[in-house]
Amino acid sequence: MKKQYDIECNIAQTLNLIGDKWTLLILHAIQSGYTTYKELQENLPGIPTNLLSNRLKTLCEDDLLKCELYSQHPPRYQYSLTDKSKDLDDIYNALIIWGDHHLSRSYKCLKHKDCDGQIQIVYVCQKCGKQLTKDELIVHNHSN
């Protein structure tokens with residue numbers, strides 16, 4: 001992806017990696033088990049072939065995907081998530097929850113697999129273990 005934002009901000013710099021059209025959908029499809037170019041193309045209707053190819057290449061360069069050659073002639077690759085891209089689960093879940101609350105037509109929702117209850121996002125302090133509300137959060141700037 002072309003780096004669009006030159007802003008000292010985690011959101012902007014994250015969007016430089018995953019903010020292009022189709023990128024999160026490609027990563028989510030791979031997480032869902034579609035690991036070859038053909039499988040991705042079949043399961044992402046409407047994605048242009050050159051865009052898919054370019055995104056896969058960029059995601060590998062940015063260490064969000066591992067690329068493994070599984071056929072020499074013609075060259076064919078299988079893609080898998082890196083630890084960095086596996087950490088996007090919380091973003092997918094937040095987008096599903098947000099969409100369920102705010103889209104005029106919701107296609108999915110998150111539920112607890114044991115009791116079928118609706119899910120909400122909870123913040124927990126890693127230091128003290130306390131569950132927090134949004135009002136108790138602050139964005140802290142790291143010192144350079």
Side-chain angles (χ1 to χ4, degrees), residues 1-114 117-129 131-134 136-144:
M1 170 180 176
K2 180 179 73 173
K3 307 302 180 215
Q4 298 178 7
Y5 304 107
D6 190 20
I7 303 169
E8 292 181 4
C9 169
N10 288 20
I11 296 169
Q13 295 307 312
T14 299
L15 288 173
N16 279 339
L17 294 173
I18 62 171
D20 271 347
K21 186 174 182 179
W22 292 103
T23 297
L24 277 178
L25 293 172
I26 292 167
L27 291 168
H28 190 257
I30 292 168
Q31 179 207 40
S32 299
Y34 305 111
T35 61
T36 66
Y37 182 91
K38 182 179 181 193
E39 290 173 337
L40 291 166
Q41 193 172 33
E42 290 171 354
N43 288 282
L44 294 170
I47 189 169
T49 57
N50 62 331
L51 189 140
L52 176 57
S53 179
N54 289 339
R55 290 289 189 277
L56 290 170
K57 180 181 176 193
T58 301
L59 289 166
C60 290
E61 290 170 355
D62 289 339
D63 192 35
L64 289 165
L65 287 180
K66 290 182 254 177
C67 176
E68 183 180 328
L69 186 68
Y70 72 89
S71 172
Q72 293 281 351
H73 301 289
R76 300 208 190 278
Y77 296 91
Q78 187 165 12
Y79 300 93
S80 59
L81 301 178
T82 63
D83 289 340
K84 193 191 293 192
S85 58
K86 288 177 185 174
D87 276 348
L88 292 170
D89 283 351
D90 294 330
I91 291 174
Y92 303 138
N93 291 341
L95 288 170
I96 291 169
I97 291 169
W98 187 92
D100 192 39
H101 287 95
H102 299 287
L103 295 175
S104 58
R105 180 175 176 210
S106 175
Y107 299 88
K108 295 182 179 184
C109 64
L110 280 182
K111 293 206 172 188
H112 183 210
K113 66 180 177 181
D114 291 343
Q118 289 285 113
I119 302 300
Q120 66 181 3
I121 294 174
V122 175
Y123 301 98
V124 177
C125 176
Q126 290 183 350
K127 184 175 180 180
C128 71
Q131 185 172 318
L132 307 171
T133 66
K134 290 180 193 177
E136 295 175 282
L137 306 177
I138 61 167
V139 175
H140 185 267
N141 290 325
H142 289 293
S143 301
N144 290 343

With sequence neighbours excluded, what pairs up with Gln78 under the side-chain hydrogen bond (donor to acceptor under 3.5 Å, both in side chains) test? Thr35

Taking C-beta and beyond as the side chain, do Ile26 and Ile47 meet within less than 4.5 Å on heavy atoms? yes

Can you list the residues that meet the side-chain hydrogen bond (donor to acceptor under 3.5 Å, both in side chains) rule with Glu136, with sequence neighbours excluded? Lys130, Thr133

Between Tyr5 and Ile11, is any pair of side-chain heavy atoms under 4.5 Å apart? no

Mind checking whether Leu40 and Leu56 have side chains closer than 4.5 Å, heavy atoms only? yes

Using 30° and 60° as the class limits, which term best fits the ring planes of His102 and Trp98: parallel, tilted or perpendicular? tilted

Rounded to the nearest 0.5 Å, how far does CG of Asp90 lie from CG of Leu95? 11.0 Å

State, with a plain yes or no, whether a side-chain heavy atom of Asn93 is found less than 4.5 Å away from one of Ile121. no

Checking the side chain of Thr23 only, and the main-chain atoms of Gly19 only, is there a donor and an acceptor separated by less than 3.5 Å? no

How close do Leu27 and Ser85 get, heavy atom to heavy atom, and via which atoms? CD2-CB, 4.3 Å

What I'd like to find out is whether the side chain of Tyr92 reaches to under 4.5 Å of the side chain of Leu24, using heavy atoms alone. yes

Donor on one side chain, acceptor on other, Gln31 and Asp89, under 3.5 Å: yes

Closest non-hydrogen contact found for Gln13 with Ile7 is NE2-O, 2.9 Å

Does any pair with a residue in residues 91-108 pass salt bridge (charged side-chain N to carboxylate O under 4.0 Å, His left out), and if so which ones, sequence neighbours excluded? none

If you look only at pairs with a residue in residues 27-37, which of them pass as a salt bridge (charged side-chain N to carboxylate O under 4.0 Å, His left out), with sequence neighbours excluded? none

Could you list all the salt bridge (charged side-chain N to carboxylate O under 4.0 Å, His left out) pairs where at least one residue sits in residues 47-59, not counting sequence neighbours? Asp20-Arg55

Drop me the distance from Leu59's CG to Asn54's CG, to the nearest 0.5 angstrom. 10.5 Å

Between Pro45 and Trp22, what is the shortest heavy-atom contact and its length? O-CH2, 3.4 Å

Give the table of side-chain donor-acceptor pairs shorter than 3.5 Å for residues 66-74, with sequence neighbours excluded, one pair per line with atom names and distance.
from: Ser71; atom 1: OG; to: Pro74; atom 2: O; distance (Å): 3.1

Indicate yes or no: at least one non-hydrogen side-chain atom of Leu81 is less than 4.5 angstrom from one of Leu88. no

With side-chain contact (heavy atoms from CB on, under 4.5 Å) as the criterion, how do Leu15 and Gln4 come out once you've worked through the C-alpha distance, each side chain's angles and the decisive distance to 0.1 Å? CA-CA 8 Å; Leu15 288 173; Gln4 298 178 7; over 6 Å; no

Close side-chain approach of Tyr37 to Arg76, heavy-atom, < 4.5 Å: no

